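Heads up: the structure comes next, in structure tokens.
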Amino acid sequence: MTTDGVTGGQKIWFITGVSRGFGRELARTLLDQGQVVIGTTRDGRSDLPEDARLHVLPLDVTDAAQVKETVATAHALRGRLDVVVNNAGYGLLGAVEGADTAATRQMFEVNFFGALAVMQAALPLMRARRSGHIVNITSIAGLAPGVGSGLYAASKCALEGVSLSLAQEVAPLGIRVTLVEPGAFRTDFLTDHSLRVTGAGIDDYAATAGAAVARLQALNGGQPGDPALAARAIAAAVRSPHPPLHLVLGTDAWNRVQARQEAFTANLTDWREVTLGTDFPT
Ligand SMILES: NC(=O)c1ccc[n+]([C@@H]2O[C@H](COP(=O)([O-])OP(=O)(O)OC[C@H]3O[C@@H](n4cnc5c(N)ncnc54)[C@H](OP(=O)(O)O)[C@@H]3O)[C@@H](O)[C@H]2O)c1
């Protein structure tokens with residue numbers, strides 16, 4: 001029995017980016033629940049309380065060689081990795097037209113290629129045991145992109161896409177995949193410490209992307225989502241006998257995905273005859 005009253009065995013969790021935000025909150029929650037956490041931070045330090053069940057390893061997820069080495073070290077520490085959480089990531093805001101290519105590529109290195117490298121390092125270990133759970137923190141932006149965050153959304157859509165394929169490839173091998181899609185949560189995400197803004201200054205986008213960026217920056221500290229509750233939700237989803245493929249978190253995210261679903265269904269229905277009219281005659 002875990003401390004929150006839910007039955008379940010002890011799992012070995014590997015989590016990228018436990019220095020701040022969701023990663024730190026998830027690590028804290030799991031330690032409270034009796035789990036083992038192998039967390040990574042870029043400088044190898046953490047302000048989480050010392051605990052025999054906590055290991056902190058240095059990792060910049062953009063360094064592919066370090067990813068391989070760190071996943072192997074983590075595996076050796078406890079002999080297995082049950083749950084791997086790709087959490088490290090950050091936002092890049094601004095109108096699509098003006099996005100700086102170098103800044104965009106750098107964000108993809110973290111949000112997409114970093115997560116991919118971690119999965120590719122962990123999967124052989126999970127396949128060998130025919131067991132494991134990959135949890136990828138994407139975003140509501142990966143399901144329902146909005147204005148002013150097109151490039152960030154692209155990185156999260158990419159992670160969504162690869163995860164949806166992967167889930168089908170590894171299900172027969174006993175490995176599960178869950179995508180976590182949060183709305184706005186009160187972490188460091190919208191602070192200058194994390195957020196990057198690119199491509200400001202094209203007047204034609206002032207009322208759309210420009211206004212959205214300003215709205216998001218003003219939201220810092222007032223986001224509706226509580227990261228501690230998100231952490232509990234992620235822990236519960238992984239413990240579930242039927243873990244979800246999609247775990248959407250937050251009322252704002254729920255509303256956005258509903259609106260996107262309705263618009264998508266209406267679009268498909270309006271153009272159904274055209275869609276079905278492009279096959280060779282049978
Ligand atoms: N908060 C939200 O509203 C929200 C919504 C949707 C999705 N998300 C996603 O949730 C995840 C966590 O973000 P957060 O909200 O917790 O933001 P956060 O408080 O800013 O934390 C970001 C974490 O990512 C780490 N990180 C950034 N670049 C890294 C790199 N190259 N290598 C290793 N670690 C790196 C940071 O480490 P350092 O301390 O070393 O910088 C930090 O631990 C991200 O993937 C984000 O896209 C957040």
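If you're wondering where the values come from, they're calculated on a predicted model, not measured in any experiment. Heads up: numbering here begins at 1 and tracks the sequence. All ligand and atom numbering here is 1-based and tracks the order in the structure.
Among protein heavy atoms, atom 31 (N) of ligand 1 sits closest to D60 OD1, 3.0 Å. Atom 24 (O) of ligand 1 has its closest protein heavy atom at G89 N, 3.3 Å. At the top of the distance list for atom 4 (C) of ligand 1, counting protein heavy atoms only, stands F22 CE1, 3.7 Å. Of the protein's non-hydrogen atoms, S19 OG, 2.7 Å is the one closest to atom 43 (O) of ligand 1. When only non-hydrogen protein atoms are considered, atom 1 (N) of ligand 1 lies nearest to T187 OG1, 3.0 Å. At the top of the distance list for atom 12 (C) of ligand 1, counting protein heavy atoms only, stands N87 OD1, 3.1 Å. For atom 34 (N) of ligand 1, the closest non-hydrogen atom on the protein side is A88 CB, 3.3 Å. The closest protein non-hydrogen atom to atom 5 (C) of ligand 1 is G183 O, 3.0 Å.
Atoms of ligand 1 lying under 4.0 Å from at least one heavy atom of P182, given by number and element, are 5 (C), 6 (C), 7 (C). Within ligand 1, counting atoms from 1 as listed, the ones closer than 4.0 Å to a heavy atom of G17 are 43 (O). For ligand 1, the atoms sitting less than 4.0 Å from at least one non-hydrogen atom of G21 are 16 (O), 19 (O), numbered in the order shown with element in parentheses. The atoms of ligand 1 that sit less than 4.0 Å from any heavy atom of V110 are 28 (N), 29 (C), 31 (N).
The two residues S155 and N111 make their nearest non-hydrogen contact at OG-ND2, 3.2 Å. Between I140 and A253 the shortest heavy-atom distance is CD1-O, 3.4 Å. A pairwise comparison of heavy atoms in L216 and L190 identifies O-CD1, 3.2 Å as the closest pair. Here the closest heavy-atom approach between residue G142 and residue C157 is recorded as O-SG, 3.4 Å.
Heavy-atom neighbours of Q258 CD from other residues, nucleotides or ligands within 6.0 Å: above the threshold of 12. Heavy atoms of other residues, nucleotides or ligands lying less than 6.0 angstrom from CZ of R129 number more than 12.
Applying the ring pair (Phe, Tyr, Trp, His ring centres under 6.0 Å) test to every pair with at least one member in residues 54-80, sequence neighbours left out, gives no pairs at all.
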task: Step by step, work out the side chain to side chain contact (heavy atoms under 4.5 Å, CB included) result for V118 and F14.
output: CA-CA 10 Å; V118 169; F14 178 83; 4.1 Å; yes
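Side-chain atoms of S194 and R20 include a donor-acceptor pair closer than 3.5 Å. Judged by distance alone, the side chains of T62 and D60 do bring a donor and an acceptor atom under 3.5 Å apart. Judged by distance alone, the side chains of Q106 and R196 never bring a donor and an acceptor atom under 3.5 Å apart.
For the pair I134/L123, a side-chain contact is recorded, criterion being any heavy-atom separation below 4.5 Å from C-beta on.
For S194, a nitrogen or oxygen atom sits less than 3.5 Å from a nitrogen or oxygen atom of ligand 1, counting backbone and side chain alike. On a distance-only criterion, V18 and ligand 1 share no N/O pair closer than 3.5 Å. Considering backbone and side-chain N/O of F185, one or more are found under 3.5 Å from N/O of ligand 1. Taking any N or O of A184, backbone or side chain, none lies under 3.5 Å from an N or O belonging to ligand 1.
The backbone of L59, and not its side chain, has at least one atom closer than 4.0 Å to an atom of ligand 1 (non-hydrogen atoms only; backbone = N, CA, C, O).
Taking only non-hydrogen atoms, the option from R20, K156, R42, E25 nearest to atom 27 (C) of ligand 1 is R42.
A heavy-atom separation below 4.0 Å is not found between T191 and ligand 1.
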